[in-house]
2 protein chains.
Amino acid sequence: MKCRRCRAAAVIELRRHNAAFCGPCFVHYAEQQVRKAVDEFAMFSPEERILVAVSGGKDSLGLWDVLLRLGYRADGLYLGLGIGQYSDASATYARAFAASREARLVEIDLPADYGYDIPNGSLAARRAPCSACGLSKRHLFNQAAVDGGYDVVATGHNLDDEAAVLFGNVLRWNTEYLGRQLPVLPAEHGFVRKVKPLVRLDEREMAAYCVVRGIDYIVEECPMAEGNRHLGYKEALNAVEERSPGAKAAFYFEFLAKASDLFRPLAVAGHDGGLQPCVRCGSPTTGEVCAFCSLVERAVALGPTRRAAAGGS
Amino acid sequence: MKCRRCRAAAVIELRRHNAAFCGPCFVHYAEQQVRKAVDEFAMFSPEERILVAVSGGKDSLGLWDVLLRLGYRADGLYLGLGIGQYSDASATYARAFAASREARLVEIDLPADYGYDIPNGSLAARRAPCSACGLSKRHLFNQAAVDGGYDVVATGHNLDDEAAVLFGNVLRWNTEYLGRQLPVLPAEHGFVRKVKPLVRLDEREMAAYCVVRGIDYIVEECPMAEGNRHLGYKEALNAVEERSPGAKAAFYFEFLAKASDLFRPLAVAGHDGGLQPCVRCGSPTTGEVCAFCSLVERAVALGPTRRAAAGGS
C-alpha cells in the first residue's frame, strides 16, 4: 500500500477516502481536514484567541497540536474532575504536552477550587455522572474563556462523537437538540463561541495522528462513562461504517447540509430571552441561581463522607 | 414468568413492553396492536376491500390471518417472482394458507404472465435485484388492486422493516424519502391507498404469532437479498434495542410524531402533476412508457439465455 500523496510506503489506510498515507503525509492530511472544517464553518480567524478544552486524551491534545502547527493562538484549559487515578493521569499528559510545546495551560481543579468532584456532584445533583460532568465543563470552560478574554472555546469532539450524538438525538427525535447540533455555536448572551474543529476526523485518525506526532495521551476511557449509551451508538454506527465506508461522515455532513435547518426553529430557546445574571456567579441563567452553582452548592453540602456511604449502599 | 393478562405460564417475553404473554393472550395482543395501528392511522374501514400482498413469509401470512380474524374483507395477492426454488416454496405456503382459510388468493406469475423474472429483470434494467423487485411489486400490486376493485393494498412491513428503512434514509438524510415514509399513503392519481398495519409489531413477534397460530411460512430470506444494506441496518438497530428495549419503536413513532411533517414539503413530488397514461399499460407515469413496462421490455429482449451466460461470467 502506497501513500496517495508521495508514493512512499503507507502507514494508515482511510477506507472512506479510498486512500492511504505515510506518516508525514497523514499529518498533512489531518491538518488539511482541520483547516477545511475551520474555513467551511467560519470557526475562527488567525487573530482570534482560542481556548482549547484539554482532557489529556488523543482528541484534545491532537487538536491543540494541529492548531499550534497551523499558527493559531491556542492556549489549553485543563479541568481536574476529581475522578481518582484517571484525573491524576490525564493531568500529567496535559501538562507534559503543554511543557513540550511551551504552550500555556490554564488549570482549574474542581476539588481544590470548588470543593466538589464529579462522583459526589453526580450523587448530589441526582444526575448521571456524564451529565454532571458536562454541566460543569460547559460552565467552567465558558467562564474561563470570558475571564481570560478568549474569543472562542474549541473542543476535541471528533466525527465519531458528533455522529454518535446525532444518532442518539435522531433515535428519540429530540428535535430541540437536533436544531442546535452544529460545529459552531455562535457567541450569545454572555456565552462565548464554541467550535469543534475535528468534525472531519474520526477516532482512529486522531489516535493515529497522536502516534505519528509522538504525542503521549491517556488511552483509557473515563471510568464513569463505561457502558453509557453513547458508546453503544458508536458501536452501532461502526457496524454500519464497516459495511459502507463513509456512511458515518455522510450521516453527519448530510444532516448539516440537508436537515439541520429544518430543526433550527424547534431548537431549545438556547440562551435567548429571559436571561439574568446568576446571583452567585453572574453567569447568564433563566433562574435565580444557575444550574452549575446549584450543583456545587448541593455537592458541597453532601460532602465527601456521604459519597463513601452512598457508594457502599 | 407469567402472562400479564391471565397469569398463566407465559410463552413470550416482550421487553419493550415490559410484559409477557401466554399463547392465546399473545394472539390477543397482536390483534390489538394491528387494531390500534389501523385506527390510529385511519388505514381502512370494515366495509372496504383489502388486497394483502402475500409473499409466503411470516409477516404477510400473519397479517392476512389477523385481518381475517378481525373480520376485515381481505383477499391475498401472490406474485411469482421467478427466483427458482425460493419462489416455488413460497407459493406453496401462500396457497396452503389461503386454502386452510378458504380465502381468495389472486396469483400473478412474472415468467408465465410477463415473460421475465427478477434475476433477468435486474440484469436487463441494470438495477439491484431488490430494486427491480420493488418496482415490479409496486406496479403489479397497484394494477391488481385497481383491476380487482380493491380500496387498499396492505403490505406486511413490520416495525423492524420500517425502522430499518427509516435508518437508511436518515443515514443519508434522503429528505425526499423521509417526507413519504408513512404507514398510510393515500390514494392519488390512479394509485390506490397503501397501508402497513404491522408497524406496531416486530419481526420476532410476527414469527411468534405464526408459531402460536400454527401458520406454516417460508423461513429462509430471499436469496437475492442476502447481505444487502437493509439487513445491516436491522443489525445495527437490534444492537441498540438490545441495550435499550423500546428504542426501535421510539425511533419510528417519534419520527412520525415529531419529524415527519418537517420533511413532508421536501417529499418526492410523488405522483403529483405531469402524469399521463403509459402508452403500453395505461398506468400513470411521468414519461411515455412507465418504468415497469420499460423493465419488462428490456428483460424480455435480454431473454433467459443471457441470464445463464451472465451468471457464469
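Naming convention: chains lettered A, B, ... in sequence-line order (proteins, then strands); numbering from 1 in each chain. As a basis for the values below, the full set of heavy atoms in this structure was taken, side chains included, without hydrogen atoms, waters or symmetry mates.
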Does a sphere of radius 6.0 Å around CD in E221(B) hold more than 12 heavy atoms from other residues, nucleotides or ligands, not counting ones at 6.0 Å or beyond?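 Atom CD in E221(B) is not packed in, count stays at 12 or less.
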Heavy atoms from other residues, nucleotides or ligands near CG of N18(B) exceed 12 (cutoff 6.0 Å):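 Not more than 12 within 6.0 Å, no.
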Proximity breakdown for [X] and chain B, heavy-atom pairs closer than 4.5 Å:
X       : result
E242(A) : neither
L178(A) : neither
V240(A) : side chain

Using a 4.5 Å heavy-atom cutoff, which residues in residues 251-262 of chain B come close to chain A?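 Expected list: F251(B), E254(B), F255(B), K258(B), A259(B), L262(B).
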